[in-house]
Amino acid sequence: MASERSGTIVSASPTLDKALAEYRDQYDTPLLEISNMAPTLVVFLRHFGCLFCRETLSDLHDLLPVLERTGVKPVLVHMGSEEEAFTLFARYGLAPLSRINSQSRLLYKVFGLSRAKTGEFLCPDAVVRCGQALMSGHTIGKVQGDLLQMPGVFLVHRGNIINSFRHKHAGDRPDYLKLSQRH
């Protein structure tokens, strides 16, 4: 079920603390250290062939100048290989962004992101969003990751979750700027 909490600080749990300290980006920087340096918009992607994943990357590319001006650092969490991630993110001008591989999906689980049920793919809202994404030029590619893994977006600062968005269906589209606000 989707939930969006604005302005609510959720204290880090021991499991979250451990995951933030252990998971590192391609530059070998722990997610906890990244969140200590700046408010961090942690964007959990679905599989790389997902047109909604590609739409998310396009949205982030467009919003990157605003996020940089406000001091928010995006971090992309994915289930593909480093090579696949670099290639896909480079296509959207996002290759330099911190990215974290969670092929095991453990980091997704720590943040409370579940796997989809059939109804979450076939609901009318998801079908409409699929049409919109296709009409906007986003394409479907080869499944690279767990087809059923649901995405989500979290603003993490100093090891605490400040804002969160859990998708109701794969095509649910968050307001990244609203989520990146700290108040």
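In what follows, every heavy atom counts, from backbone to side chain, and hydrogens, waters and symmetry copies are set aside.
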Visitor: Are Phe154 and Phe44, when compared by the centres of their aromatic rings, separated by less than 6.0 Å?
Guide: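 Close enough - the centres of the two rings lie under 6.0 Å apart.
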Visitor: With rounding to the nearest 0.5 Å, note down the distance linking CG in Leu57 to CG in Asp62.
Guide: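 Those atoms lie 11.0 Å apart.
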Visitor: Side-chain contact test, heavy atoms from C-beta onward, threshold under 4.5 Å: evaluate it for Thr15 versus Val110 and give yes or no.
Guide: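 Yes - at least one pair of side-chain heavy atoms lies under 4.5 Å apart.
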Visitor: Heavy-atom count check: over 12 atoms from other residues, nucleotides or ligands less than 6.0 Å from Arg24 CZ?
Guide: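 Yes.
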Visitor: Rounded to the nearest 0.5 Å, how far apart are CD of Glu68 and CG of Leu64?
Guide: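 It is 4.0 Å, given to the nearest 0.5 Å.
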Visitor: Using atom types as modelled and distance alone, determine if a side-chain donor or acceptor of Asp175 lies under 3.5 Å from a backbone N or O of Leu177.
Guide: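 Looks like yes, one N/O pair under 3.5 Å.
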Visitor: Quick check for you: to the nearest 0.5 Å, what is the distance between Leu16 atom CG and Leu20 atom CG?
Guide: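 The distance works out to 4.0 Å.
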Visitor: If you define the side chain from C-beta out and look only at heavy atoms, does anything of Leu94 sit under 4.5 Å from Leu60?
Guide: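 Leu94 reaches Leu60 side chain to side chain.
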Visitor: Looking only at heavy atoms, what is the nearest atom pair of Arg166 and Leu113, with distance?
Guide: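 The pair with the smallest heavy-atom distance is CG-CD2, 3.7 Å.
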Visitor: Would you tell me whether Arg105 and Gln149 have side-chain atoms, one donor and one acceptor, within less than 3.5 Å of each other?
Guide: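 On atom types as modelled, these side chains qualify, holding a pair under 3.5 Å.
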Visitor: Heavy atoms only: give me the nearest Val153-His167 pair and the separation to one decimal.
Guide: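 Minimum heavy-atom separation between Val153 and His167: CG2-CE1, 4.5 Å.
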Visitor: Show your working on side chain to side chain contact (heavy atoms under 4.5 Å, CB included) between Arg46 and His78 and close with a plain yes or no.
Guide: CA-CA 7 Å; Arg46 295 190 66 238; His78 63 89; over 6 Å; no
Visitor: For a side chain to side chain contact (heavy atoms under 4.5 Å, CB included) check, start with the C-alpha distance between Leu31 and Val75, then their side-chain angles and the critical distance, and finish with the verdict.
Guide: CA-CA 9 Å; Leu31 185 52; Val75 172; 4.3 Å; yes
Visitor: Specify the closest pair of heavy atoms between Ala38 and Gly71, including all atoms of both residues, with the distance to one decimal.
Guide: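 For Ala38 and Gly71, the tightest heavy-atom pair comes out as CB-O, 3.6 Å.
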Visitor: With a 4.5 Å cut-off on side-chain heavy atoms, are Met79 and Tyr108 touching?
Guide: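 Tyr108 vs Met79: side chains touch.
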Visitor: How far apart are the C-alpha atoms of Leu76 and Ser98, what are their side-chain angles, what is the distance that settles it, and do they pass the side chain to side chain contact (heavy atoms under 4.5 Å, CB included) test?
Guide: CA-CA 6 Å; Leu76 304 171; Ser98 288; over 6 Å; no
Visitor: Taking the side chain as every heavy atom from C-beta outward, state whether Glu82 and Gln26 have any atom pair closer than 4.5 Å.
Guide: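 Glu82 vs Gln26: side chains touch.
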Visitor: Using a 3.5 Å distance criterion without hydrogens, assess whether the side chain of Glu84 forms a donor-acceptor pair with backbone atoms of Ser81.
Guide: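 Yes, the answer is positive, given that a donor and an acceptor are paired below the 3.5 Å cut-off.
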Visitor: Linking I/L/V/M/F/W/Y whenever their side-chain heavy atoms sit closer than 4.5 Å, directly or via other members, would Phe86 and Leu45 fall into one cluster?
Guide: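 No; tracing contacts between hydrophobic side chains, which count when under 4.5 Å, never links both residues.
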Visitor: May I have the step-by-step check of side chain to side chain contact (heavy atoms under 4.5 Å, CB included) for Phe111 and Ile161, ending in yes or no?
Guide: CA-CA 9 Å; Phe111 276 81; Ile161 297 172; 3.9 Å; yes
Visitor: Hey, are the side chains of Tyr176 and Thr56 touching, using non-hydrogen atoms and a 4.5 Å cut-off?
Guide: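 Result yes, sub-4.5 Å side-chain heavy-atom pair found.
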Visitor: Does any N or O in the side chain of Ser104 come within less than 3.5 Å of the main-chain N or O of Leu106, such that one atom is a donor and the other an acceptor?
Guide: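 Yes: the side chain of Ser104 pairs with the backbone of Leu106.
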Visitor: Does the distance from a Lys or Arg side-chain N to an Asp or Glu carboxylate O, for Arg173 and Glu55, drop under 4.0 Å?
Guide: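 Counted as a salt bridge, because a side-chain N and a carboxylate O are separated by less than 4.0 Å.
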Visitor: Are the side chain of Ser35 and the backbone of Leu32 linked by a donor-acceptor contact shorter than 3.5 Å?
Guide: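 Checked: pair present.
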Visitor: In Å, rounded to the nearest 0.5 Å, how long is the span from CZ of Arg54 to CG of Asp59?
Guide: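 It comes to 14.5 Å.
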Visitor: For the CG atom of Leu107 and the CG atom of Asn101, what is their distance to the nearest 0.5 Å?
Guide: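 One finds 10.0 Å between CG of Leu107 and CG of Asn101.
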Visitor: Checking Ser102 side chain against Ile100 main chain: does a donor-acceptor pair fall under 3.5 Å?
Guide: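 It does not hold such a pair.
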Visitor: Roughly how far, to the nearest 0.5 Å, is the CD atom of Glu22 from the CG atom of Asp17?
Guide: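 Going from CG on Asp17 over to CD on Glu22, the span is 11.0 Å.
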Visitor: Tell me, do Arg99 and Asp25 make a side-chain contact under 4.5 Å, heavy atoms counted?
Guide: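 No, too far: nothing below the 4.5 Å cut-off.
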Visitor: Work out which heavy atom in Pro174 is nearest to a heavy atom in Phe165; give both atom names and the distance.
Guide: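 Nearest pair, atom of Pro174 first, then Phe165: CB-CD2, 3.6 Å.
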Visitor: So that I know where these two stand, are Phe89 and Phe48 an aromatic pair - ring centroids less than 6.0 Å apart?
Guide: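 Close enough - the centres of the two rings lie under 6.0 Å apart.
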Visitor: Give a yes or no on whether Tyr92 and Leu63 share a hydrophobic cluster (residues Ile, Leu, Val, Met, Phe, Trp, Tyr; joining criterion: side-chain heavy atoms under 4.5 Å apart).
Guide: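 Looking at the clustering, Leu63 is in the same group as Tyr92.
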